[in-house]
Amino acid sequence: MSAPPRLAPATVERLNREVERPGYDRDAQGIGIVHLGIGAFHRAHQAVFTDDAMAAGDRDWGIAGVSLRSAAVRDSLVPQDGLYLLDERAPAGDLLRLVGAVRQVLVAPEQPAELTALIAAATTRVVTLTVTEKAYFRSGEGIDLTEAEAAGNSIYAVLARGLAERQAQGLAGLSLVSCDNLANNGAVLARGMSAWLEKHAPALRRWFEAECACPATMVDRIVPATTPADRDRIAAAAGVRDEAAVVTEPFRQWVIEDRFAGPRPGWEKVGAELVADVAPFEAAKLRMLNGAHSALAYLGLLAGHRFVHQAIADPAIAPVVERLMRQEAATSLTPAPGQDLGAYADALLARFGNHALPHSLAQIATDGSQKIPQRWLEPLAVNAGQGRASPATLRALAAFLLHVRGDGAPVNDPMAERLAACWAEAGRDGIVAAVLGPGGVLASDWVPSEADRRTIEAAMRELAGS
Ligand code: CS2
């Protein structure tokens, strides 16, 4: 049998019949959204909601996707004219669909002028972002301008160039929609943008604050990195070869603050929830889902597991993760009316157990220093303030500290060197204070008590087997 042809508009007719197709005339749609950070998560989440919104009748919300650094996604998507397959994997079977929403892909360092022109186009009304936690350069309540400036194509520099052009042309402002896993992601982006503009273009800062909006969002869909084996399996099932295919779970959720600067796709017609206040949903997701994920990652890697579904099946790990979700994360939250945190924990456990979707623990363990503050340290501070112990979260912290010492998988973290230096200087007796104490690398509102320090040290001894 000959190899399947490469996915492209001309080969769409070769797709097997069961693959779902975009329910709209793709060639008739203009671009309305610029997306920064066109990785797998965006392609499995916001692009799918937008694809559905266009199928439901909304027009001209095609997406121009931007990579801030690497050319890999552009190189896989452009030969396919932006088309890719989404493989929704469940124990009961797979659902394959072709997504048509992405119309253009750019690499920021290679095409700065085109990127500015796209952000400044009159037809662009929304910019969405999935750039990961570290790309915001958070520092306390603000941003670290020096670090952001050193980064070259930071989100702030890229957006500022496009916004300046819009202002110069007398165009309307934009809605800038952060879809990263940060508490108050809209406010983080707005504050960072204001700080950047205050230094680099003060008049543009006033225009930005008056004309643009940064709604907060909670995004949720588990999207493991696509593997070569996934691409082979999808080619066999679809009948065409897709170098940009994405694998995910059936579940998806998007809660969006209903505060836009102008028009937006009708995402609420296709399952998104437009609400006045995202905070209770964002906090529950960060502390329960992502908090449990990070605990599974560090405890699981130390125990020799590779995937989430294996770690959650380990009788030494599952009770810790359940306790973290139900008795530590959930107790730190103030649920919105109707928000059932017990049912949420049940649903999360079922999603973690999806063995049809192997989700690498090493992927989740990446950038822990950027994730742990909102996932673990904020709930620890709330619980400590209310006199509640958090032994499961402390055990997870012990596993994180061992991980950054190098006990398990390779450490992939912008603070890896600083954390390794803490271990070298402080050793096991001083590591808790050096990382988590006042002035420590991850200093936060939560200051470990003496009892917390002893609990973490005992857990480290136990987990390291010494
Ligand atoms: C994960 C998230 O890699 C991680 O840190 O916890 O990417 C998680 O899979 C998503 O937030 C789920 O919506």
Side-chain angles (χ1 to χ4, degrees), residues 37-49 86 88-89 128-136 178-183 185 216-227 246-256 271-273 278 281-301 305-312 317 321 324-325 329 344-345 347-354 356-379 393 396 399-400 403-404 409-415:
I38 177 134
F41 186 76
H42 170 72
R43 307 210 294 286
H45 191 275
Q46 303 99 57
V48 175
F49 280 93
L86 184 79
E88 291 184 2
R89 310 209 71 203
T128 47
L129 300 91
T130 50
V131 288
T132 80
E133 296 87 344
K134 60 177 176 277
Y136 292 82
S178 167
C179 301
D180 283 292
N181 285 322
L182 299 169
N185 51 13
T217 64
M218 180 272 249
V219 293
D220 188 8
R221 192 164 214 191
I222 291 174
V223 187
T226 311
T227 65
V246 182
V247 290
T248 188
E249 60 181 339
F251 180 89
R252 62 169 141 134
Q253 190 179 13
W254 196 5
V255 187
I256 311 170
E273 297 154 71
V278 172
F281 302 97
E282 183 75 51
K285 195 257 172 172
L286 283 169
R287 296 179 192 179
M288 293 179 69
L289 188 160
N290 297 117
H293 252 176
S294 291
L296 285 162
Y298 302 117
L299 291 165
L301 287 170
H305 300 298
R306 283 184 61 204
F307 299 112
V308 169
H309 68 275
Q310 296 167 335
I312 198 66
I317 296 177
V321 171
L324 180 146
M325 277 201 283
Y344 189 50
L348 292 177
L349 287 169
R351 290 169 65 196
F352 296 158
N354 181 355
L357 188 73
H359 189 189
S360 142
L361 297 169
Q363 182 181 343
I364 301 169
T366 299
D367 291 353
S369 67
Q370 310 293 303
K371 296 173 175 175
I372 280 170
Q374 57 276 13
R375 296 181 183 198
W376 295 346
L377 305 183
E378 286 183 19
T393 312
F400 167 72
H403 174 79
V404 298
V411 183
N412 197 346
D413 193 302
M415 291 197 168

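Along the sequence shown, residues are numbered consecutively beginning with 1. Order of appearance sets the numbers: ligands from 1, and atoms from 1 within every ligand.
- Proximity of a side-chain donor or acceptor of Gln310 to a complementary backbone N or O of Arg306 within less than 3.5 Å is detected.
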Note down each nitrogen or oxygen pair, ligand 1 side and protein side, whose separation is under 3.5 Å; give only atom names and the distance to 0.1 Å.
{"unit_1": "ligand 1", "atom_1": "5 (O)", "unit_2": "Lys371", "atom_2": "NZ", "d": "2.9"}
{"unit_1": "ligand 1", "atom_1": "5 (O)", "unit_2": "Arg375", "atom_2": "NH1", "d": "3.1"}
{"unit_1": "ligand 1", "atom_1": "5 (O)", "unit_2": "Arg375", "atom_2": "NH2", "d": "2.9"}
{"unit_1": "ligand 1", "atom_1": "6 (O)", "unit_2": "Asn290", "atom_2": "ND2", "d": "3.0"}
{"unit_1": "ligand 1", "atom_1": "6 (O)", "unit_2": "His293", "atom_2": "ND1", "d": "2.8"}
{"unit_1": "ligand 1", "atom_1": "6 (O)", "unit_2": "Arg375", "atom_2": "NH1", "d": "3.3"}
{"unit_1": "ligand 1", "atom_1": "11 (O)", "unit_2": "Asn181", "atom_2": "ND2", "d": "3.0"}
{"unit_1": "ligand 1", "atom_1": "11 (O)", "unit_2": "Lys285", "atom_2": "NZ", "d": "2.6"}
{"unit_1": "ligand 1", "atom_1": "11 (O)", "unit_2": "Asn290", "atom_2": "ND2", "d": "3.0"}
{"unit_1": "ligand 1", "atom_1": "13 (O)", "unit_2": "Asp220", "atom_2": "OD1", "d": "2.6"}
{"unit_1": "ligand 1", "atom_1": "13 (O)", "unit_2": "Arg221", "atom_2": "N", "d": "2.9"}
{"unit_1": "ligand 1", "atom_1": "13 (O)", "unit_2": "Arg221", "atom_2": "O", "d": "3.3"}
{"unit_1": "ligand 1", "atom_1": "13 (O)", "unit_2": "Lys285", "atom_2": "NZ", "d": "3.1"}

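- No side-chain heavy atom of Trp254 sits under 4.5 Å from any side-chain heavy atom of Arg221.
- Between Phe352 and His293, a ring centre-to-centre spacing shorter than 6.0 Å is recorded.
- Evaluation of the salt bridge (charged side-chain N to carboxylate O under 4.0 Å, His left out) rule for Arg89 yields Asp87, Asp94 as partners, not counting sequence neighbours.
- Under the ring pair (Phe, Tyr, Trp, His ring centres under 6.0 Å) criterion, His305 pairs with no residue at all, not counting sequence neighbours.
- Under the side-chain contact (heavy atoms from CB on, under 4.5 Å) criterion, Ala362 pairs with Ser360, sequence neighbours left out.
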